[in-house]
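Take a look at the structure set out below.
Order of appearance sets the numbers: ligands from 1, and atoms from 1 within every ligand.
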Amino acid sequence: MTASSSTKRIAIIGGGFSGVMTAVNVARMSKHPRHIILINAKRPLGRGVAYGTRRPEHLLNVAARNMSAFPDLPDHFVQWLRTRSEFDTVPDLELRERFMPRMVFGDYLKSMMHHHLQGMGDEVTVTAEFVEGVAVDVEVNGSSGVVLLEDGTRIDADRVVLASGNEPPAALPGAELLQDHGGWAGNPWLPWHENLPGDDGTIVILGTGLTTVDSIISLRAMGWLGRIHAVSRHGWLPEAHFRGIDYHDFPSPDVDLTTLGLEKLRALMEEHCGKLRELGANPAIVVDKMRPFTQQVWKNFSVEERLAFAKKDAARWNIMRHRIAPEIHAQVTSSQLTGQLQVHSAYIERVEADGEKVKVCLEGGESLTGDLVINATGPQTRFSSSKSLLLSKLMEKGLISPDDMDMGIRITDDHTAVTKDGTESEVLLALGPLLRGTLWETIAVPELRGQASQVAATLVGGSAAPAEDLSALVEFII
Ligand SMILES: Cc1cc2nc3c(=O)[nH]c(=O)nc-3n(C[C@H](O)[C@H](O)[C@H](O)COP(=O)(O)OP(=O)(O)OC[C@H]3O[C@@H](n4cnc5c(N)ncnc54)[C@H](O)[C@@H]3O)c2cc1C
């Protein structure tokens, strides 16, 4: 079916989970003709940064049962896994709890795309085209827009969705002089594996989060036997998922967590973490039980409370919240036990060339030198310093504005972008990691699938798929 001139045109910038699932949901919901133009660059379309990995040792950090791409079909991913012969003999209970390779989840997204956007489904009103290219600007003319690509292509659209995902890591002092240095990997999501030193070499990884874990796991899978140093301010590695206990004391039905305020919430959480420790259970259960309320709590915090949380609590929160598959955790622990991996707690001051090596200068005069140094310090979060040409251009023109925290785009509840002068954009919408300052929890699939459904509903003028009952879900978190 080809798009007629009366067909509404929707351009989506970004072909990772957020962009693809927005398009798929538009196809599922729309009752009227629409034409979707999915614009994507650099990463494999439909897979994005996380699921574009070709390395089978990179596992999801969420169990299969909670990775459905649809908020209204909670078992969808597990059912899709059943279409693959390698899981034929795996019992349902076991399959649901497995941490699948991320590339398998990428296959799942690709198959959603194929089914709903490439004419294989029942959707007869929606057509789609896929454009490989970097969007660098959007011109807004009243209630429609034009997306400009780097190569000069112009794409007309009635609505434009910004789904550009995570920013690359923030540059570290001194890194600007290392751009062409063979020992420097400034973006951990670009291939650095070709520059591996020999087994007598040293790799320094900056950061101790999920991307660092990815790197350690890959080095092990490649059989690399050299020394690994990982360094971050606190030196905390992610914890493993665990089997929880029934703990019904938190949250109490008498307490409205969403209006408590930071100080009282902190005290309450500390109290329950203490109780869980006394019971011999993992205090992270409290963080899991907060999950259905987190976005509302964050929205109700004052800007001062959000800033205080980001400064004082975020590192600990993230460690408890973003856990990894037990088998991945076991491998990292094994690297530590064998002495291959050493973790340091120190503030990174700057990086500099040291001949063919790279030196990492730490606070207090200490330093680490690596044949290869990988910057895995996490995505840059100061939105006004975005490295994206597109986002900085839109900000400069006032078509979008940073949220109060300067962590992402300011939006309304239906994901419409808010302009610099505070009006709702007639053209632009946003979802995904770009909403960190507004929602805090906006990175993982369990949040993003609801957003993709909401954005699609805004685009087609319908209502989003009913949100699943997360309070029921957390009871089963392992
Ligand atoms: C290494 C890693 C592992 C993760 N593992 C999990 C997990 O196991 N479970 C989970 O729930 N979540 C996981 N996440 C969280 C993950 O961020 C989300 O699940 C999700 O993949 C984010 O999708 P996205 O579409 O918003 O962004 P992305 O995946 O970053 O996709 C954005 C896409 O937009 C493109 N793009 C950006 N700007 C432009 C432009 N100007 N023009 C054209 N194209 C553009 C990018 O190149 C990219 O292809 C992981 C994240 C990372 C980084």
Heavy-atom distance to atom 25 (O) of ligand 1: which of Ser18, Gly52, Gly48 wins?
Ser18
Are any of the N/O atoms in Val49 less than 3.5 Å from those in ligand 1?
yes
Starting from atom 22 (C) of ligand 1, find the nearest protein heavy-atom neighbour and note its residue, name and distance.
Leu448 CD1, 3.6 Å
Where is the nearest protein heavy atom to atom 39 (C) of ligand 1: which residue, which atom, and how far?
Ile13 CG2, 4.1 Å
Heavy-atom nearest neighbour of atom 3 (C) of ligand 1 within options Glu167, Glu447, Arg102
Arg102
Once the angle between the rings of Phe309 and Phe301 is folded into 0 to 90°, is it parallel (under 30°), tilted (30 to 60°) or perpendicular (over 60°)?
tilted
My understanding is that we take every heavy atom of each candidate and find the minimum distance to atom 4 (C) of ligand 1. Doing that for Ala50, Ala325, Gly133, Gly46, which one comes out nearest?
Ala50
So Phe77 and Tyr108, would you call those rings parallel, tilted or perpendicular, with 30° and 60° as cut-offs?
tilted
Ala41 N/O under 3.5 Å from ligand 1 N/O
yes
Decide whether an N or O pair under 3.5 Å exists between Phe17 and ligand 1.
yes
Just so I know, are the side chains of Trp440 and Arg306 near enough to count as touching, which here means a heavy-atom distance under 4.5 Å?
no
Please determine whether the number of non-hydrogen atoms from other residues, nucleotides or ligands lying under 6.0 Å from atom NZ of Lys110 exceeds 12.
yes
With side chains defined as the heavy atoms from C-beta onward, is the minimum distance between Arg82 and Asp92 less than 4.5 Å?
yes
Residue and atom name of the nearest protein heavy atom (relative to atom 15 (C) of ligand 1), distance in Å to one decimal:
Ile443 O, 3.3 Å
Heavy-atom nearest neighbour in the protein, as seen from atom 35 (C) of ligand 1, with distance rounded to 0.1 Å
Asn40 OD1, 3.4 Å
If we only count N/O pairs under 3.5 Å, is Lys42 in contact with ligand 1?
no
Polar contact flag for Pro446 and ligand 1 (N/O pairs, less than 3.5 Å)
no
for atom 27 (O) of ligand 1, nearest protein heavy atom and its distance come out as Gly165 CA, 3.2 Å
What atoms of ligand 1 come within less than 4.0 Å of a heavy atom belonging to Gly15?
33 (C), 34 (O)
Ligand-residue contact atoms, ligand 1 with Val62, heavy atoms, under 4.0 Å:
9 (N), 11 (O)
Students should be able to answer this: which protein heavy-atom is nearest to atom 7 (C) of ligand 1, and at what distance?
Asn61 OD1, 3.1 Å
Counting from 1 in the order shown, the ligand 1 atoms closer than 4.0 Å to a non-hydrogen atom of Met67 are 9 (N), 11 (O)
My understanding is that only one of Thr22, Asn25, Thr442 makes a side-chain hydrogen bond (donor to acceptor under 3.5 Å, both in side chains) with Gln451; could you say which?
Thr442
Do Thr53 and His58 meet the criterion of a side-chain donor-acceptor pair at a distance under 3.5 Å?
yes
What protein heavy atom is closest to atom 19 (O) of ligand 1, reported as residue, atom name and distance in Å?
Tyr51 OH, 2.6 Å
At the 4.0 Å heavy-atom cut-off, does Phe105 count as touching ligand 1?
no
Within a strict 4.5 Å, meaning less than it, do heavy atoms of the Gln340 and Ser334 side chains meet?
no
Distance-minimising heavy-atom pair for Val358 and Gly183
CG2-O, 3.5 Å
Just to confirm my output: which protein heavy-atom neighbour is closest to atom 11 (O) of ligand 1, and how far is it?
Val445 N, 2.8 Å
May I ask which of Gly209, Ser164, Pro188 has a heavy atom nearer to atom 32 (C) of ligand 1 than the others do?
Ser164
If we number the atoms of ligand 1 from 1 as shown, the ones under 4.0 Å from a heavy atom of Gly14 are 33 (C), 34 (O), 35 (C)
Just wondering, more than 12 heavy atoms not from Arg382 lying within 6.0 Å of its CZ?
no
Are Glu167 and Ser388 linked by a side-chain donor-acceptor pair shorter than 3.5 Å?
no
Looking at Arg227, I want to see if its CZ is surrounded by more than 12 non-hydrogen atoms of other residues, nucleotides or ligands under 6.0 Å.
no
Can the positive tip of Arg98 be found less than 6.0 Å from the middle of the six-membered ring of Phe87, inside 45° of the ring normal?
no
Take atom CG in Leu93; do more than 12 heavy atoms of anything else shown fall under 6.0 Å from it?
no
Are a donor atom and an acceptor atom from the side chains of Thr208 and Thr212 found within less than 3.5 Å of each other?
no
Could you tell me, atom by atom, which parts of ligand 1 come under 4.0 Å of a heavy atom of Ala163?
32 (C), 34 (O)
For ligand 1 and Asp214, I'd like to know whether there is a polar contact (N/O to N/O, distance under 3.5 Å).
no
Taking only non-hydrogen atoms of Asn166 and a 4.0 Å limit, the atoms of ligand 1 in range are 17 (O), 30 (O)
